[in-house]
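Every number for a ligand or one of its atoms is a count from 1 in the order of the listing.
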Amino acid sequence: MNNIYTVILGAGEGTRMKSRLPKILHKVAGKELISHVVDCIAGINSKRTFVVIGKGSDLVKTYLAKYKNVDTVLQKERLGSGHALLQVKNKAKGLKGNLLVMCGDTPLVKKDTVKKLLSYHLKNKNHATVLSGTVENPFGYGRIVRDTNGNVSCIVEEKSATSEQKQIKEINSGIYCFNLETLWNALSKVKPDNNKKEYYLTDVIAILNETGYKTDAVSVCSEEEILGVNDRLQLATAADILRGRKIEELMADGVTIVDPYSTYIEGDVIIGQDTVIQPNTFIEGKVKLGSDCIIGPNTVLSDSNIANNVVIRYSYVDGAKIENNVKIGPFAHIRPGTVLKEKVKVGNFSEIKKSVIDENSKVNHLSYIGDAVVGKNVNIGAGTITCNYDGKNKHQTILEDEVFVGSNVNLVAPVTIKKRVVIGAGSTITKNVEPGKLAIARARQIVINRKKRI
Ligand code: UD1
Ligand code: CA
């Protein structure tokens with residue numbers, strides 16, 4: 001019976017975070033702690049996942065609703081990790097197979113490590129297998145105590161450890177695999193007889209051993225993977241490790257990262273070969289970036305789809321689709337809903353919002369283009385503004401192919417400028433213009449003689 005179920009323990013108070021937000025909803029590398037754990041087990045074929053929640057349970061429940069295969073179980077009082085797992089017993093009634101137990105605050109564990117733990121547990125037909133690690137400084141962790149034959153006898157927590165046990169460097173990662181047949185009975189025997197008066201899940205190991213069941217601990221991962229996030233310093237340490245992993249992965253795939261120490265790239269980002277990321281660049285959310293691009297310095301890209309050969313300098317691009325050979329910046333703001341088609345140029349201090357700009361068109365200087373549809377080969381002069389908002393509603397501006405807009409033009413929407421129209425500089429356009437015409441809407445210049453200054 002090789003069915004796998006998973007429990008993620010996440011009801012701990014998170015006291016050391018000193019936060020109003022439940023610990024497992026704190027973000028690291030752009031993603032909530034709990035999501036790192038849920039994503040980590042995505043590949044192991046867990047039939048169902050239970051997350052034990054406590055502090056801020058409504059918030060956590062709402063957040064987890066997006067995962068179809070995940071159930072939440074409320075631990076009303078925080079009486080320890082053993083008590084937390086026991087809360088799942090009712091929901092797990094009748095389930096047979098093995099249970100993987102993870103902590104909601106360990107975002108660095110790798111999929112491969114969990115797979116190795118599971119296969120070791122199944123191969124050896126263990127009743128409990130602890131994922132352990134050997135660390136330089138074991139302070140704060142539960143220590144794995146082995147007998148003279150090397151068999152695991154129990155786990156002892158820092159506060160209960162003798163000075164001799166404190167020297168043990170093999171520690172409990174807080175990740176376990178249990179045989180469901182023997183778990184619940186053993187768990188119900190755990191007593192809160194320790195200085196914290198908590199039901200320690202770790203005591204289950206000794207209980208199973210005493211009853212003659214087979215327990216073991218296996219060390220199949222690096223020290224960094226089992227780092228638990230208990231305070232803000234550890235949160236930053238975890239973020240740094242995840243950032244480093246992502247950057248190394250990208251470099252290995254052929255992306256140039258000029259300064260890895262000032263570059264932040266979140267986990268879901270995809271970047272093509274020979275793209276160069278310049279210093280001080282942030283790429284966050286779901287970004288797909290093609291090959292041969294130059295991004296940065298000082299650029300933020302978020303939730304955007306960017307094709308090949310694109311150059312973006314000193315700019316902010318959010319929620320946009322950018323096609324091949326587009327040039328953006330320096331100092332441009334591309335906002336959600338924008339599509340820039342091939343070879344478009346958006347230059348200094350221009351803002352584009354929810355607009356489609358077709359091939360080869362240019363918005364090179366100091367413009368605001370919002371709710372617009374711009375055709376091919378359109379030239380938008382410096383200081384052009386689409387007046388898209390009347391205080392209540394947003395209106396559309398349409399500029400057809402090959403329109404030429406002179407500098408400092410206001411386009412009062414809704415308005416349509418047909419093909420090849422030329423608009424004189426300084427115009428405020430309020431009416432549609434027919435194809436090929438020249439539209440000028442500004443006061444005629446007058447020149448007045450004046451008396452010589454005395
Ligand atoms: C725990 C282990 C320790 C291990 C360490 C690894 C116990 C008793 N000790 O210590 O051996 O080395 O993790 O990081 O388990 N939780 C609840 N409800 C509770 C208490 C805890 O859901 O009432 C959850 C927490 O959210 C957390 C997990 O259980 O995910 C572990 O609890 P935590 O308080 O972080 O234990 P540690 O002191 O880190
Ligand atoms: Ca912890």
Next item on the list: For a salt bridge (charged side-chain N to carboxylate O under 4.0 Å, His left out) with K286, tell me which candidate from D268, D303, D318 qualifies.
Entry: D268
Check: atom 12 (O) of ligand 1: which protein heavy atom is closest, and how many Å away?
Finding: N172 O, 2.6 Å
Next item on the list: Give the numbers and elements of all ligand 1 atoms closer than 4.0 Å to a heavy atom of A84.
Entry: 17 (C), 18 (N), 22 (O)
Item checked: Per-atom contacts, ligand 1 versus C103 - under 4.0 Å to a heavy atom -> 28 (C), 30 (O)
Check: Among E164, E158, E170, which residue meets the salt bridge (charged side-chain N to carboxylate O under 4.0 Å, His left out) test with R143?
Finding: E158
Check: Any sub-3.5 Å donor-acceptor pair from S19's side-chain atoms to L21's backbone N or O?
Finding: yes
Margin query: To check your reading of the model: name the closest protein heavy atom to atom 14 (O) of ligand 1, its residue, and the distance in Å.
Written below: S173 O, 3.8 Å
Margin query: Closer than 4.0 Å and a protein heavy atom, does any atom meet both conditions relative to atom 34 (O) of ligand 1?
Written below: no
Check: Is the closest N or O pair between L201 and ligand 1 shorter than 3.5 Å?
Finding: no
Notebook entry, point to check: Got S46 and L100 here, is their nearest side-chain heavy-atom distance under 4.5 Å?
Noted result: no
Next item on the list: Please identify which atoms of ligand 1 are closer than 4.0 Å to at least one heavy atom of G142.
Entry: 3 (C), 4 (C), 11 (O), 12 (O)
Item checked: Side-chain donor-acceptor pair present, N308, D292, cut-off under 3.5 Å -> no
Check: Which residue supplies the protein heavy atom nearest to atom 7 (C) of ligand 1, what is that atom called, and how far is it?
Finding: S81 OG, 3.4 Å
Next item on the list: Begin with the C-alpha distance, continue with both residues' side-chain angles, and end with the deciding distance and a verdict on side chain to side chain donor-acceptor pair (under 3.5 Å) for S153 and D147.
Entry: CA-CA 6 Å; S153 46; D147 64 19; 5.8 Å; no
Next item on the list: Provide the tally of protein N/O/S atoms nearer than 3.0 Å to the Ca ion (ligand 2).
Entry: 2
Next item on the list: Could you list the residues that satisfy salt bridge (charged side-chain N to carboxylate O under 4.0 Å, His left out) with K321, not counting sequence neighbours?
Entry: E323
Notebook entry, point to check: Can you tell me which residue and heavy atom of the protein come closest to atom 38 (O) of ligand 1, and the distance to 0.1 Å?
Noted result: R16 NH2, 4.3 Å
Check: Do you know the tightest heavy-atom contact between I380 and V378?
Finding: CG1-CG1, 3.8 Å
Check: Charged N to carboxylate O under 4.0 angstrom, K169 versus E136?
Finding: yes
Margin query: I'd like to check which ligand 1 atoms, numbered from 1 as shown, lie under 4.0 Å from a non-hydrogen atom of R78.
Written below: 19 (C), 23 (O)
Next item on the list: Name the closest protein heavy atom to atom 16 (N) of ligand 1, giving the residue it belongs to and the distance to 0.1 Å.
Entry: G12 N, 3.6 Å
Check: Any donor-acceptor pair under 3.5 Å linking the side chain of K345 with the backbone of K362?
Finding: no
Next item on the list: Please report which non-hydrogen protein atom sits nearest to atom 23 (O) of ligand 1, along with the residue it belongs to and the distance in Å to one decimal place.
Entry: G80 N, 2.9 Å
Checklist line | For atom 39 (O) of ligand 1, closest protein heavy-atom neighbour | finding: N230 OD1, 4.2 Å
Next item on the list: Could you tell me whether R335 and E351 have a side-chain N and a carboxylate O separated by less than 4.0 Å?
Entry: yes
Next item on the list: Could you tell me which atoms of ligand 1, counted from 1 in the order shown, lie closer than 4.0 angstrom to a heavy atom of D105?
Entry: 30 (O), 35 (O)
Check: So which protein heavy atom does atom 24 (C) of ligand 1 come closest to, and at what separation?
Finding: L9 CB, 3.7 Å
Next item on the list: Check whether any heavy atom of I171 sits under 4.0 Å from an atom of ligand 1.
Entry: no
Next item on the list: Please report the C-alpha distance between N126 and Y120 in whole Å, then the side-chain angles of each, then the deciding distance to 0.1 Å, and finally whether the side chain to side chain donor-acceptor pair (under 3.5 Å) criterion is met.
Entry: CA-CA 9 Å; N126 290 341; Y120 183 90; 5.4 Å; no
Check: Which is it for L79 and ligand 1 at heavy atoms under 4.0 Å: side chain, backbone, both or neither?
Finding: backbone
Margin query: For a quick check under 3.5 Å, do Y200 and E157 share a side-chain donor-acceptor pair by atom type?
Written below: no
Margin query: Which of the numbered atoms in ligand 1 are under 4.0 angstrom from any heavy atom belonging to G104?
Written below: 30 (O)
Check: Mind checking whether Y141 has an N or O less than 3.5 Å away from an N or O of ligand 1?
Finding: no
Checklist line | 4.0 Å heavy-atom contact, H83 with ligand 1 | finding: no
Check: ligand 1 versus A11, non-hydrogen atoms closer than 4.0 Å: side chain, backbone, both, neither?
Finding: both
Notebook entry, point to check: With respect to atom 11 (O) of ligand 1, which of E157, Q87, E198, K23 exhibits the smallest heavy-atom separation?
Noted result: E157
Check: In terms of side-chain geometry, is the basic nitrogen of E13 or K23 positioned less than 4.0 Å from the acidic oxygen of its partner?
Finding: no
Notebook entry, point to check: For the residue pair A332 and S315, what are the closest heavy atoms and their distance?
Noted result: N-OG, 3.0 Å
Item checked: Verify atom 1 (C) of ligand 1: protein non-hydrogen atom under 4.0 angstrom away -> no
Checklist line | Where I352 and T338 come nearest, the two heavy atoms and their spacing | finding: O-OG1, 3.4 Å
Next item on the list: Determine yes or no for a side-chain-to-main-chain donor-acceptor pair under 3.5 angstrom, with K89 supplying the side chain and L187 the backbone.
Entry: no
